[in-house]
Asks: 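So that we are looking at the same thing, I have put the structure below in structure tokens.
Reminder, nothing fancy here: chain letters follow the sequence lines and each chain counts from 1.
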Amino acid sequence: MDVFSFLGRSREDRARLEQHRLRLYRIAYAWTHSAALADDLVQETLAKALRKSGQLRDPNAGEAWLYSILSNCYNDHFRRLRVTEEIDNNTLTHDFTPEKESSQQEIVHKVRLAIAKLSEGQRQVVTLVDIQGMSYVEVAQVLNVPIGTVMSRLCRARNVLKDLLDDLAPKTGADETKIRRIK
Amino acid sequence: MNQEKKFSDEHLNAFVDDQLTPEEKEQVYVCLSQDEVLKRHVCKLRQVRDLVNLAYKELPQPSHRPLPAVRNKRFGRNLAAGLVLVISATAGWLLYQSAANTPSATAPEMLTQGAAPTEEIAKVLIHVSDGQTAHLKTVLDEVESLMRFYRDSHQKARVEVVTNSDGLNLLLADKSPYAQRIHQMQSEYKDLTFVACQNTIDRFQRDLGVTVKLLPGVVITDSGVAQIMRRHHQGWAYLQV
Amino acid sequence: MRKFFLLCLITVLPFGFIPINASHAAAANKVIYHVNLGNEQATDALRNIKNHLAVDPTVKIVVVTHSNGVNFLLEGAEDKNGNPYSVPVAELSAKGVEFRVCKITLERMKIDPKKALPEAKLVPSGVVEVTKLQQEGYAYLKP
């Protein structure tokens, strides 16, 4: 192994992995609801991925590989750390205009609370699908469970969320329903 | 009448997530055009998906840390690298020996030669196991002083206050003498985390027969001592206050 | 080709390696004594340090103080029996023990830095000093 190509690949790998940082952080945050923990999780994931990148045959291997490292790190260390109820509005940034701010913030806060109520397995599946846009096959690989389990967890998760977030439905939909019931 | 039974919930979710084959998708579309109840159900599923996506669009900023350098020793399967290990270790040992024979003032300088890049984040775990009110005030004074120091010197830092044993009193919702102050500190310093030990929580509940309720934003760890060890392995500094 | 290879590696690697070896070997022999609670703790610390040096004369000891832990390092400070702290501090200092005082604490308690014993060195923050020393490989002790 030529030492110069060895050092060069390391730099490339590091740069390529860094691009994934924000997306990994988004999922890690959705799982832990703590910026500090999510940051730890991502840092550990990227460090592990960098070490393992020497074993990676295909440098363009899908994200599933990276997220399965994230999932393993989460299981190893971070499942032990869980946040109690969130501080009001503290975890939200403030990019919104003042008028939009309170209602948008409220929605985000409600949704996050609802997600916190899901079981771990359900939360992981629903976030990987809804935030990361992963296919069911990829999620099955990442979490190392059968695809049937992915589908049933997702189903249950969305049913729970549907009930918890019922009052967040847009007005038109709700009205339509009411009209039908009166009929 | 209840046409949604035609498709299982799993199938409808798969439709919403575009995980069906074109033929299966076509079947669902046909039914949707004829069944209002089904349409509303699918709509709701899509809403839930969109809400989840929305909820994590804006995030509290992560601190950006560079990845550690990959050390050569991790690629020890390379024989030449193995040889160099021996050579360098010997060189290092020889140099250390010579450093040990000179006044101790030189040794610390050698240690900081491989100094961290300026982006290094200070990581500090503060361990609290004494629960007396006066002591808890000292803890918060010191923590605040520390966070202010880092902020004033523009040094990125992560600070974790881990409580176990009687130190848990600091974080009890109904008992903590400093609930307001802690809330303020949590709002002001994003990289400050208060941590409660689950073992201690269990013991409190067992011995006092009460349900323990913690202040908002507090993180629970399985065992305070285990958390201290984990952080130690991750290179965090440790202090008992 | 092999010689060239080895040559490259030899020139590159020692810079990464030596600090690791040195810090690993020296870490066992440097200790922080963290004193922040008050004179009682300080008395315990001074006694522990004396015993520590008796067992291991080569150990490098740094006493870092802040909060109520600074009091024993001020001029005229005495323990509960009326013995001045300046005596044991001077003795230990002569054996290489260092004493560091937190500037933030002095400012908060409105103490003139000149009132600190001559052996005591000022540091910007006692807590930060403890973390910095740990990064340099010092072990941590809380008397």
Asks: Enter the distance from Asp141(B):CG to Ile104(C):CD1 here, rounded to the nearest 0.5 Å.
Replies: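 Output value for this atom pair is 12.0 Å.
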
Asks: Which value, rounded to the nearest 0.5 Å, describes the distance between Gln134(C) atom CD and Leu125(B) atom CG?
Replies: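 It is 10.0 Å, given to the nearest 0.5 Å.
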
Asks: Considering residues, nucleotides and ligands other than Glu107(C), do more than 12 of their heavy atoms fall under 6.0 Å from its CD?
Replies: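 For Glu107(C), atom CD is crowded (more than 12 foreign heavy atoms under 6.0 Å).
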
Asks: Which one, Thr105(C), Leu37(C), Thr131(C), leads in non-hydrogen pairs under 4.5 Å with chain B?
Replies: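 Sorted descending by pairs with chain B, the first entry is Thr131(C).
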
Asks: Is Val128(C) close to chain B through its backbone or its side chain, or both, or neither, when contacts mean heavy atoms under 4.5 Å?
Replies: both

Asks: Please check if atom CD in Glu40(C) has more than 12 non-hydrogen atoms from other residues, nucleotides or ligands closer than 6.0 Å.
Replies: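 It does not: Glu40(C) CD has 12 such atoms or fewer within range.
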
Asks: Select one option (side chain, backbone, both, neither) describing which atoms of Leu146(B) are under 4.5 Å from chain C's heavy atoms.
Replies: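 Side chain only.
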
Asks: If you draw a 6.0 Å radius around CD in Glu98(C), do more than 12 non-hydrogen atoms from other residues or ligands fall strictly inside?
Replies: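 Correct, the count exceeds 12.
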
Asks: Taking the side chain as everything from C-beta on, heavy atoms only, tell me whether Val127(C) gets closer than 4.5 Å to Ser145(B).
Replies: no

Asks: Sub-3.5 Å donor-acceptor pair from the side chain of Tyr140(C) to the main-chain atoms of Ala237(B), do we have one?
Replies: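 No, Tyr140(C) side chain to Ala237(B) backbone: no donor-acceptor pair under 3.5 Å.
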
Asks: Check each atom of Glu142(B) against the heavy atoms of chain C and say whether the ones under 4.5 Å are side chain, backbone, both or neither.
Replies: side chain

Asks: Counting neighbours of NZ on Lys103(C) that are heavy atoms of other residues, nucleotides or ligands and sit closer than 6.0 Å, is the number greater than 12?
Replies: no

Asks: Let me confirm one number: the CG-OG1 distance from Asn36(C) to Thr138(B), rounded to the nearest 0.5 Å.
Replies: 8.0 Å

Asks: Please classify the contact of Tyr238(B) with chain C as side chain, backbone, both or neither, using a heavy-atom distance under 4.5 Å.
Replies: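 Backbone plus side chain of Tyr238(B), per the 4.5 Å heavy-atom cut-off to chain C.
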
